[in-house]
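Remarks on the structure that follows.
Any value given below was found using the heavy atoms of this structure, including those in side chains, with hydrogens, waters and symmetry copies removed. Order of appearance sets the numbers: ligands from 1, and atoms from 1 within every ligand.
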Amino acid sequence: MRTVVCVAALLWSAGCVEVAEERAKNEDRIGRRAAHGLTVQVDEGLAAVRALEADRVELWAQAPTLTVRLTAAEAGPWTLDLRNAMPDAVLEGAPARPIGRSVPTHRSWRVDVPAGETTLRIAPPDAEDPSPWTFVAFADVQDRLDGVQDLFGRMATEPGVRFGLISGDLTEQGDASTLRRFQRNMETLPFPLFATLGNHELGADTASPPFHRLFGRGSFSFAYRGVRFTLLDSASATLAPRTYDKLDRWLAAGRDDLHLAMMHIPPLDAFGLRNGAFASRGEAHKLLGLLARAGVDVTVYGHVHTFKAYTNVGIDAYITGGGGAIPERLDGIGRHFMTFRAEPALARIVPGVVRIFPAD
Ligand SMILES: [Fe+2]
């Protein structure tokens with residue numbers, strides 16, 4: 001959990017907030033691009049537009065369901081490559097022919113785009129199914145990327161998993177080549193991973209890290225099968241003011257559903273002595289108060305390289321930092337990931353832990 005200087009409470013200043021705000025401002029541009037007579041806009045910025053070529057668009061999804069708005073100067077066929085997709089995603093809204101790809105989470109279509117405005121919806125058939133289902137969560141792979149297949153291999157055998165969530169620190173330095181290597185490793189998985197970033201992703205450019213271009217936004221929210229998911233960029237040990245503005249809307253949207261909130265650095269130190277927490281305890285209480293009053297059911301964090309189940313302001317909380325980075329000594333945990341079984345009809349999310357051996 002080696003952290004940026006902002007994390008040290010004694011050194012905290014308005015500078016941390018300014019960096020977070022600048023990063024949040026920059027990420028608002030993610031999900032939009034125009035070139036070659038085509039404008040692409042993904043609702044809520046839930047996918048990064050990684051390429052917009054003369055006849056091809058490549059998106060990296062950060063949610064199971066996307067609404068993609070196209071404005072074309074002229075009618076014509078475009079190839080839409082969707083990476084990190086639900087393997088059974090279906091495209092509706094324009095005539096489209098699926099193109100076979102070898103990676104399960106790479107969905108591709110040749111789309112006949114008419115002139116003018118077109119709205120595409122890309123979603124798996126079960127997007128509204130209220131029956132029980134499973135997702136996984138983990139964090140803090142960092143310098144253990146070479147061993148991440150131990151984790152992914154075990155995850156891939158977990159029955160019924162629809163997607164995974166990463167609560168930050170995918171890599172050690174957050175550079176583009178390592179993030180790409182992480183994404184290549186993800187190709188062995190039969191489901192996508194939606195990620196927020198950690199302090200290790202900030203690298204040399206804390207306001208515009210490569211994570212933004214390769215994965216997408218650090219703060220975003222989506223709903224799937226009776227559960228709202230809100231992922232928040234707490235990599236600078238604070239939330240940006242403009243993220244709080246969005247959070248109000250997301251909390252309102254999830255008020256009647258199960259709601260899981262995820263961020264890298266926990267608002268409060270779960271251990272009491274570690275300072276693995278927000279720089280301001282005042283802000284931590286403010287944020288947790290917002291989540292509690294909105295009926296958030298589960299919070300999931302990373303940053304501390306262990307597992308801990310506890311509660312914060314009455315909300316079930318989990319630290320799952322067992323992705324492979326140097327583990328806590330003598331805690332008996334080691335590498336692990338979490339499973340969550342969502343049971344919307346019973347209004348509950350049931351957690352589990354899967355340990356990976358060798359443990360360190
Ligand atoms: Fe961290």
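- Taking backbone and side chain together, N199 holds an N, O or S atom under 2.8 Å from the Fe ion (ligand 1).
- Taking the Fe ion (ligand 1) as reference, H303 places its N/O/S atom ND1 nearest.
- If you check the side chains of T39 and T71, you find no donor sitting under 3.5 Å from an acceptor.
- The closest side-chain donor-acceptor pair between R225 and S131 falls under 3.5 angstrom.
- Residue T119 holds its OG1 atom at 12.0 Å from CZ of R121, rounded to the nearest 0.5 Å.
- The name of the N, O or S atom in D169 nearest to the Fe ion (ligand 1) is OD2.
- Under 2.8 Å from the Fe ion (ligand 1) lies an N/O/S atom of H264, whether from backbone or side chain.
- R29 is linked by a side chain to side chain contact (heavy atoms under 4.5 Å, CB included) to N26, counting only residues two or more places apart in sequence or in another chain.
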